[in-house]
Amino acid sequence: MPAFSEAEIRAAIRASLASALSVAESTLDDDRDFDAYGLPSLEAVELAGELEDFLGREIDAEAIFDHPSVAQLARHLASAA
Amino acid sequence: MSAVRKVGATPQAIQAHYDAGDAFFALFLDPTRTYSCALFNGDDDLDAAQRAKIDWHLDQSGVAADKRLLDIGCGWGALIERAVWARDAAHATGLTLSAAQAAHVASMGHARLEVRLEDWADHAPSAPYDAITSVGAFEHFAAAGLSRDVRVDAYRRFFTKCAAMLAPGGRLSIQTIAYPAAFDRAAYDATDYGAFVRERIFPESDLPTLPEILEAADSVFEPVIIRNDRRHYARTARIWRRRLRERRDEAVALVGQRRVDDLDRYFRTSAGAFDIGTLQLLRVAFQKRRA
Ligand SMILES: C[S@@+](CC[C@H](N)C(=O)[O-])C[C@H]1O[C@@H](n2cnc3c(N)ncnc32)[C@H](O)[C@@H]1O
């Protein structure tokens, strides 16, 4: 199973988030809460699902709420590997 | 067409979902092809957890030797089969709208097992039942887009019919996916995923909330046990998805890539929705009211 660096995971989260919000990646702030973007909970769940497939391992979708920004989630997923 | 059928999913919609072929479902379900949330104890595998789920409903509905059981939405018959073999039930009737499922159960050829290709609203039993179960079928009892009142009416007709078919003191055990009471259906319907589920996974179906269920049942049944086992469904869906991925080539050959991709997305996102509580998995045991 491939291990991903925190930077790689962060890039994957940014790509998913930008597409979920239909905005350019350059407009994202890695420290901003997902909530503040107005991301509906089911879209957050789909984002978690995309990460699950990217990482090749199962992710509890609650991680999105427990680590609610790009930076926090990337750190969490990189350390929980 | 019965009055009730008009407010639930049509046989055509059900058939489209479940008649995809026995071989396809056998690829990712357990050997009994139980297609509903399992009940895990510790690190049970899927087979053990499906058995535990069936046992829970047999226990709650009071199935025992000499008792007559009706299973509404029997799928491939695992529950009625176990009622007869493991509990020695006198008779177990299963209802399904899927011809493929009915044919499979009929092929078991057990004298005390009966399967009918019939809507519960049209069922006319020859004698009262002692126990009724309905696992993973309630999701189909109200069509999409109904107002809350109309939906509760549809559920009330279901409970009233069940009560009428039960002997005094009879018990009913149901299992269904549900939304939280405060769920915003309109907002959900407007999401990509909401439209996807409505159009591609469960056409013509909508989900209840726990208060709707209790309100609809209240005049004829009292609740005895209520469980929300949503984490069990997240686990079940992830196992199905893993297995479907392992058998992807065979699955695509049987039903086509689009259907396989649709189910893959459905399992993935519903698992996450169960993780966070946007979806609930309710198991509710009722007793018929005496007054
Ligand atoms: C998800 S499957 C679950 C089957 C089975 N109980 C299990 O756990 O595997 C739903 C079942 O409900 C049946 N069903 C849906 N609406 C029904 C209705 N109005 N009357 C009778 N059966 C119905 C379908 O044909 C199907 O067998």
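Naming: A, B, ... by sequence-line order, numbering from 1 per chain.
- Contact annotation for A:Ile64: neither backbone nor side-chain heavy atoms come within less than 4.5 Å of a heavy atom of chain B.
- Ring orientation note: the planes of B:Phe28 and B:Trp240 are nearly perpendicular, at an angle over 60° on the 30°/60° scale.
- Looking at B:Thr278, only its side chain comes within 4.5 Å of chain A, counting heavy atoms on both sides.
- B:His232 places none of its side-chain heavy atoms less than 4.5 Å from the side chain of B:Arg235.
- Interface remark: A:Glu50 contributes backbone and side-chain atoms alike to the contact with chain B (heavy atom separation under 4.5 Å).
- At a threshold of 4.0 Å, the pair A:Asp53-B:Arg245 counts as salt-bridged, since one of the basic side-chain nitrogens sits closer than that to a carboxylate oxygen.
- With a 4.5 angstrom heavy-atom cutoff, B:Tyr188 touches chain A only via side-chain atoms.
- Checked against the 6.0 Å centroid criterion, the rings of B:Tyr155 and B:Phe138 qualify as a close aromatic pair.
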